Amino acid sequence: MTTSSAAPVPSEKGAEVGRRIGVGLMYGLWKPRVLGAWRVPATGPVIYAVNHAHNIDGPMVMGVAPRPTHFLIKKEAFVGPLGRFLTGIGQLKVDRHSTDRTAIGQALGVLAEGGVLGIFPEGTRGEGDFASLRAGLAYFAVRSGAPIVPVAVLGSTDRPGRLIKALPPLRSRVDVVFGDPFDAGDGSGRRTRKALDEATERIQKQLTAHLENARRLTGR
């Protein structure tokens, strides 16, 4: 399958390779505690909405999630060997500063083929509290009809590592909490600006509530 811009939809096999690499790295370097993974639908399209406070949040979710994931990742990360690697494991390059029709087409293609799309709805790394959401998540959810599974990654920014300051301490615990899937739309199928704004509000309430619940569950 190809998108309207002729960019191929990344293969699930590549994303599964990425998941297996992630399993080895994340469990080898840290101590992930995964809660609620059973809530992720076993089949069909799904969107993970992940808070983003640290660079390892995406790889952590990729490694501990029950299904292979195609993340939308800023194009600046796709440089040299790392860029080829990310493409090879089914990740999607997106230009955050323009309407990237190729990335949009590829992301919708992943969902149309029943895959899992990973999104950092805050758009960029920050406090990781879902306080500021971009409209992209609502667009993909309403357009595809795929349920959103909120994912909270906690503990990745508690303190810097001794050997590598940019990473959490080796063998420290990082919690990943999956929430209940929910639909962003109102059931009408509308894709107007007003409908997307309303969907974004619904999403923000759900994600904020999930993060609060995850903090209670984990004590973080």
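Bear in mind that the values here come from a model prediction, so they are computed numbers and not experimental data.
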**Item:** Close aromatic pair by centroid cut-off 6.0 Å: F178 and Y48
**Value:** yes
**Request:** Starting from the C-alpha separation in whole Å, work towards a yes-or-no answer on side chain to side chain contact (heavy atoms under 4.5 Å, CB included) for V174 and H54.
**Result:** CA-CA 11 Å; V174 178; H54 196 285; over 6 Å; no
Is a side-chain N or O of [X] found less than 3.5 angstrom from the main chain of [Y], in a donor-acceptor match?
X	Y	answer
R202	A184	yes
R84	V79	no
N51	V153	yes
R220	R215	no

**Prompt:** Are I47 and L137 close enough, and set up right, to give a side chain to side chain contact (heavy atoms under 4.5 Å, CB included), and what steps lead you there?
**Reply:** CA-CA 8 Å; I47 300 173; L137 174 56; 3.5 Å; yes
Are [Y] and [X] connected in a single hydrophobic cluster, I mean Ile/Leu/Val/Met/Phe/Trp/Tyr linked by side-chain heavy atoms less than 4.5 Å apart?
X	Y	value
F78	L82	yes
V50	I89	yes
L207	Y139	yes
L217	V176	no

**Asked** Going through the distances and angles, do M62 and M26 end up as a side chain to side chain contact (heavy atoms under 4.5 Å, CB included)?
**Response** CA-CA 9 Å; M62 200 183 301; M26 296 303 111; over 6 Å; no
**Request:** Please say whether more than 12 non-hydrogen atoms of neighbouring residues, nucleotides or ligands are located less than 6.0 Å from CZ in R39.
**Result:** yes
**Request:** Flag yes if more than 12 heavy atoms outside R171 fall under 6.0 Å of its CZ atom; otherwise flag no.
**Result:** yes
**Prompt:** For the side chain to side chain contact (heavy atoms under 4.5 Å, CB included) test, which of V110, D100, V94, I104 pairs with L72?
**Reply:** V94
**Message:** Against V151, only a single residue in V61, D57, T69 fulfils side chain to side chain contact (heavy atoms under 4.5 Å, CB included); can you say which?
**Reply:** V61
Validation row: [X], [Y] side chains within 4.5 angstrom (heavy atoms):
X	Y	answer
P66	V34	no
P150	Q206	no
V46	P181	no

**Prompt:** Would E16 and R19 pass as an ion pair if we require N to O under 4.0 Å?
**Reply:** yes
**Message:** Looking at E198 and K194, is any side-chain nitrogen of the basic one under 4.0 Å from a carboxylate oxygen of the acidic one?
**Reply:** yes
**Asked** Which distance, rounded to the nearest 0.5 Å, do you find between the CG of L211 and the CG of L154?
**Response** 6.0 Å
**Atom pair CD (E113) and NE2 (H70), whose distance is rounded to the nearest 0.5 Å** = 8.5 Å
**Request:** For the pair W30 and M60, evaluate side chain to side chain contact (heavy atoms under 4.5 Å, CB included) and give the outcome as yes or no after the intermediate values.
**Result:** CA-CA 10 Å; W30 295 284; M60 183 64 69; 4.1 Å; yes
